[in-house]
Participant: 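Submitted below is the structure of interest, expressed as structure tokens.
Note: hydrogens, waters and symmetry copies are ignored here, and every other heavy atom, side chains too, is used. Proteins come first, then strands; the chains are lettered A, B, ... in the order of their sequence lines, and each starts at number 1.
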2 protein chains.
Amino acid sequence: MPDTRPSPYFVLFNEIGIIHQLSRTLLEERLPDGLLSSHFGVLNHLVRVGEGTTPLAIARAFQVPKTTMTHTLGGCVKHGLIEMRPNPDDARSKCIWLTRKGREIRESMVAQAATGFEGFAEHFSEERIETLLPVLTEMRQFLDKARDAT
Amino acid sequence: MPDTRPSPYFVLFNEIGIIHQLSRTLLEERLPDGLLSSHFGVLNHLVRVGEGTTPLAIARAFQVPKTTMTHTLGGCVKHGLIEMRPNPDDARSKCIWLTRKGREIRESMVAQAATGFEGFAEHFSEERIETLLPVLTEMRQFLDKARDAT
DNA sequence: CCTCATTAGTACGATGTCGCACTAAATATA
DNA sequence: TATATTTAGTGCGACATCGTACTAATGAGG
């Protein structure tokens with residue numbers, strides 16, 4: 001008789017998928033006009049990691065294919081959030097920089113989004129999140145390596 | 001001076017998004033021909049929760065819009081994994097049942113997928129996952145309610 | 001130098017996702 | 001009973017995602 005109980009791993013990835021869905025929707029509801037969570041992610045990434053990185057580096061950071069990042073960055077450019085300059089070290093490549101508007105929009109996005117997660121922050125303290133993050137990060141890194149190994 | 005450090009909440013949702021990406025890709029690499037992780041999810045759901053539920057109920061379980069689930073279920077039907085029967089209690093509605101083939105495919109999928117997560121299981125014991133799950137489930141439920149409140 | 005392989009980015013096509021609008025059925029209200 | 005409202009599912013259109021194939025530039029090996 002085959003085991004019909006799903007392993008906790010499937011439950012885990014199922015929950016993660018749903019949380020991803022919900023958080024993305026919740027975030028995008030709070031974002032201005034045509035802005036997507038992917039744009040928000042790029043802006044945050046640039047602020048955190050630093051500007052001047054290349055599209056490929058950003059794609060790797062988010063673990064999405066190059067083509068997807070091309071599309072996403074195109075959206076950011078169209079909204080005037082970033083600008084793409086030629087890479088002085090490599091003529092094939094580009095460098096991504098935030099525009100003034102990009103920085104401003106990002107600030108207001110963080111504020112807007114924060115209000116959307118007020119209740120969330122009440123139920124899940126920063127401390128609790130901080131204890132969760134190392135495990136998730138470790139998971140991400142492991143899956144990342146597993147992907148490279150393919 | 002504005003705070004440029006992202007709150008742990010954004011990091012959290014960022015990590016979850018990436019893990020979702022990676023786990024989905026990793027899973028689909030192991031799946032036969034045109035089968036997607038969403039199909040796999042539906043099959044697992046039917047086995048776990050029980051057959052005979054309605055498309056809407058499944059959509060709610062996965063927190064995706066009705067239209068998305070219509071599309072996903074259509075794929076499952078096309079692959080001969082499920083069949084949709086009329087709902088005897090409500091002529092508007094349908095009931096979803098696994099076919100014999102669906103059950104068989106699901107079994108082999110679980111086996112196939114399990115091999116893909118062998119290394120993962122080594123690094124992350126079931127016990128560790130079990131301690132993680134309650135928090136994630138709580139999160140999912142909270143976000144779920146927050147969405148309804150909109 | 002001169003191939004040849006590799007790499008960064010993109011155009012294109014296929015497909016998944018999802019909001020909107022619609023139909024048909026059920027339910028509430030009068 | 002008759003009408004209005006709500007609900008389940010779907011067709012359609014817009015768009016994000018991503019694999020394939022391509023161009024241009026770099027680097028490696030002769």
Participant: Using side-chain heavy atoms (C-beta onward) and a distance below 4.5 Å, is His45(A) in contact with Ile58(A)?
Facilitator: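 In contact.
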
Participant: Within less than 4.0 Å of OP1 or OP2 of dT10(D), is there a side-chain N or O belonging to Lys94(B)?
Facilitator: yes

Participant: OP1 or OP2 of dC18(D) less than 4.0 angstrom from a side-chain nitrogen or oxygen of Gln21(B), does that happen here?
Facilitator: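 It does, given that an N or O in the side chain of Gln21(B) lies less than 4.0 Å from OP1 or OP2 of dC18(D).
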
Participant: Could you check whether the side chain of Arg92(A) and the base of dT26(D) have a donor-acceptor pair of N or O atoms closer than 3.5 Å, going by distance alone?
Facilitator: no

Participant: So Ser93(A), base contact, sugar-phosphate only, or nothing? Heavy-atom distance under 4.0 Å.
Facilitator: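 Sugar-phosphate contact only - Ser93(A) comes under 4.0 Å of backbone atoms but never of a base.
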
Participant: Going by the rule side chain to side chain contact (heavy atoms under 4.5 Å, CB included), which residues pair with Leu36(A) if we only count those two or more places apart in sequence or in a different chain?
Facilitator: Glu28(A), Ser38(A), His39(A)

Participant: Nearest whole angstrom, please: distance from the P of dC18(C) to the CD of Glu29(A).
Facilitator: 13 Å

Participant: Measuring from the side chain of Pro55(B) (C-beta onward, heavy atoms only), which nucleotide among dT17(D), dG9(D), dC18(D) has the closest atom?
Facilitator: dG9(D)

Participant: Take Phe120(B) and Phe13(A) through the ring-ring contact (aromatic ring centres under 6.0 Å, His included) test and state the conclusion after the steps.
Facilitator: CA-CA 12 Å; Phe120(B) 187 86; Phe13(A) 292 125; 5.5 Å; yes

Participant: Is there a side-chain contact between Thr68(B) and the phosphate of dC18(C), meaning an N or O under 4.0 Å from OP1 or OP2?
Facilitator: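 Looking at the OP1 and OP2 atoms of dC18(C), one of them is under 4.0 Å from a side-chain N or O of Thr68(B).
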
Participant: Would you indicate which nucleotide in dA25(D), dG9(C), dC20(C) comes nearest to any side-chain atom of Asp90(A)?
Facilitator: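 The listed nucleotide nearest to Asp90(A)'s side chain is dA25(D).
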
Participant: What do you reckon, are the aromatic ring centroids of Phe124(B) and Tyr9(A) less than 6.0 Å apart?
Facilitator: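 No.
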
